[in-house]
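Count residues from 1 along the sequence.
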Amino acid sequence: DYQRQAYKYSLGLDYKLTKEQFENKNLKVTKEALSAAEPEKLRAEQIISNLGKDFSFSKFKAKFKGTDKTEKDDSMTDKLEDIFADYIKDHPDIAQGTIDSYKSAINHLTAYHNNVRISDLSVPFMQSFLAYLKKSAGISSDATTNIYMRAIRAIYNHAERRLNLDPRNNPFGKNKIIIHSNTNVKKAIDERGFQKFLLYKPANEKEVFAYDMFLISFGLVGMNIADIISIKNRDIKKNTLTYYRKKTRNSKKKTEPITIQIGTP
């Protein structure tokens with residue numbers, strides 16, 4: 001929405017949701033569609049940010065659709081490494097951790113198949129690659145394979161725009177390669193295990209720090225480490241600690257403070 005005008009741009013993703021499905025974020029098909037659209041949403045936000053006061057719908061469309069001649073890199077080929085390099089140029093604010101993760105995914109792909117080209121990434125190829133990761137590469141964690149597949153999907157979507165690929169060939173389209181959302185499994189330590197922890201003697205300064213931070217978090221009802229290091233003296237009144245979670249304190253939604261009783265009332 002800009003100057004009271006709004007335009008819609010296709011992401012080229014093969015997902016069709018009903019209004020009810022779109023509004024119910026807990027449905028599997030909705031989660032998959034939102035996950036597939038997230039890289040495009042972030043890219044659009046980055047383009048808008050880069051344009052700044054120079055924004056217009058025509059300029060945005062040219063950059064978003066890859067038709068901006070001034071930014072076209074003629075040296076880009078359909079090789080995966082070249083596409084990744086172009087992807088990095090197109091995302092100047094990408095985090096180093098994300099770059100490393102994408103590089104790792106590409107390294108595994110090239111180990112599986114030398115000189116990978118974007119046209120190689122078919123559904124059978126990706127299915128075979130997943131089997132390779134678990135058997136030959138020794139990666140048994142679904143969370144890790146999902147991270148790699150998201151990286152490859154983002155690079156493929158970038159190539160689809162830049163090289164004008166047929167979206168019907170996208171191996172991550174609807175009813176094709178599905179990337180499941182990771183589920184955090186919370187595990188509780190039993191009393192015997194906690195006693196062992198209390199008796200443990202840290203071997204170095206790093207372990208001492210980690211040991212102390214865990215005990216502080218445990219004593220403060222599982223407080224997040226980021227919140228612990230943000231605590232100020234003014235947050236403690238008598239025997240009560242009151243704070244807002246750092247993760248949500250800047251949220252537009254109304255957030256309630258968390259109050260913890262410490263010491264003897």
Side-chain angles (χ1 to χ4, degrees), residues 1-2 6-51 55 57 60-61 63-66 83-84 87-88 90-95 97-102 104-106 118 121-123 126-127 129-130 133 141-162 165-186 224 245-255:
D1 187 27
Y2 175 67
Y7 288 90
K8 295 180 180 179
Y9 299 93
S10 172
L11 300 182
L13 301 176
D14 191 17
Y15 287 92
K16 295 181 180 179
L17 305 182
T18 64
K19 180 180 179 181
E20 290 74 16
Q21 288 175 324
F22 181 79
E23 293 177 347
N24 188 347
K25 301 299 188 290
N26 293 320
L27 293 177
K28 180 180 178 181
V29 65
T30 308
K31 288 181 178 179
E32 291 174 359
L34 291 175
S35 177
E38 184 63 19
E40 299 306 296
K41 175 177 175 291
L42 294 175
R43 191 173 69 87
E45 290 173 348
Q46 184 60 56
I47 293 172
I48 293 171
S49 176
N50 290 342
L51 286 172
F55 177 88
F57 283 115
F60 171 80
K61 182 178 179 180
K63 294 179 183 296
F64 188 70
K65 295 295 184 180
I83 296 169
F84 178 56
Y87 180 90
I88 297 300
D90 205 37
H91 297 75
D93 294 334
I94 189 172
T98 303
I99 293 176
D100 294 340
S101 175
Y102 281 30
S104 183
I106 291 175
I118 203 68
L121 305 187
S122 63
V123 171
M126 296 310 300
Q127 290 174 334
F129 174 64
L130 277 171
L133 286 176
S141 170
D142 289 335
T144 301
T145 55
N146 284 341
I147 290 172
Y148 289 159
M149 296 303 280
R150 288 192 184 94
I152 297 168
R153 180 179 65 189
I155 296 170
Y156 189 99
N157 289 342
H158 180 76
E160 187 175 281
R161 291 188 303 272
R162 298 285 274 144
L165 303 178
D166 188 339
R168 291 175 296 181
N169 295 330
N170 191 321
F172 301 100
K174 187 177 180 181
N175 299 325
K176 294 183 180 180
I177 298 296
I178 297 175
I179 304 174
H180 298 285
S181 299
N182 295 329
T183 302
N184 292 327
V185 179
K186 296 183 178 180
N224 188 286
R245 288 201 64 193
K246 188 172 183 180
K247 182 178 180 180
T248 59
R249 68 179 60 171
N250 294 322
S251 173
K252 294 181 180 179
K253 296 181 180 180
K254 183 179 180 181
T255 56

Chemist: Sequence neighbours excluded, which residues qualify as side-chain contact (heavy atoms from CB on, under 4.5 Å) partners of S122?
Modeler: P124, F125
Chemist: Tell me if a side-chain donor or acceptor on T30 pairs with a main-chain N or O of K25 at a distance below 3.5 Å.
Modeler: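 No, because the side chain of T30 does not come within donor-acceptor range (under 3.5 Å) of the backbone of K25.
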Chemist: Tell me, please, which residues at least two apart from H158 pass side chain to side chain donor-acceptor pair (under 3.5 Å).
Modeler: D86, R161
Chemist: Output all residues satisfying side chain to side chain donor-acceptor pair (under 3.5 Å) with D100, sequence neighbours left out; order by chain, then residue number.
Modeler: Q96
Chemist: Do L121 and F129 have side chains that approach each other closer than 4.5 Å (heavy atoms only, starting at C-beta)?
Modeler: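 No - every pair of side-chain heavy atoms lies 4.5 Å or more apart.
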Chemist: How long is the gap from CD1 on I147 to OG1 on T144, to the nearest 0.5 Å?
Modeler: 5.5 Å
Chemist: How long is the straight-line distance from CD1 of I152 back to CD1 of I106, given to the nearest 0.5 Å?
Modeler: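 If I round to the nearest 0.5 Å, the distance is 8.0 Å.
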Chemist: Find out whether M149 and L130 are in side-chain contact, i.e. whether some heavy atom of one side chain is under 4.5 Å from a heavy atom of the other.
Modeler: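 Counting from C-beta outward, M149 and L130 do come under 4.5 Å.
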Chemist: Quick one: pull up CD1 in I99 and NE2 in H91 and give me the separation to the nearest 0.5 Å.
Modeler: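 Atom-to-atom, I99:CD1 and H91:NE2 are 11.0 Å apart.
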Chemist: Can you establish whether the number of heavy atoms outside K19 located under 6.0 Å from its atom NZ is more than 12?
Modeler: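 Not more than 12 within 6.0 Å, no.
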Chemist: Could you tell me if the side chain of S101 sits less than 4.5 Å from the side chain of R150, heavy atoms only?
Modeler: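 Not touching, per the 4.5 Å side-chain cut-off.
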Chemist: Applying ring-ring contact (aromatic ring centres under 6.0 Å, His included), name anything that partners Y148, two or more places apart in sequence or on another chain.
Modeler: H108
Chemist: Counting C-beta onward and ignoring hydrogens, is there a side-chain heavy-atom pair between I83 and R162 closer than 4.5 Å?
Modeler: no
Chemist: Output all residues satisfying ring-ring contact (aromatic ring centres under 6.0 Å, His included) with Y102, sequence neighbours left out; order by chain, then residue number.
Modeler: Y87
Chemist: So which heavy atom on N170 is nearest to which on N157, and how close?
Modeler: ND2-OD1, 2.9 Å
Chemist: Once side chain to side chain donor-acceptor pair (under 3.5 Å) is applied, do any residues pair with E38, and if so which ones, sequence neighbours excluded?
Modeler: none
Chemist: Determine yes or no for a side-chain-to-main-chain donor-acceptor pair under 3.5 angstrom, with N24 supplying the side chain and E20 the backbone.
Modeler: no
Chemist: Please find the pair of heavy atoms, one from K176 and one from P171, that lie closest to each other, and give the distance.
Modeler: CB-O, 3.1 Å
Chemist: Side chains of Y156 and E160: closer than 4.5 Å at any heavy-atom pair?
Modeler: yes
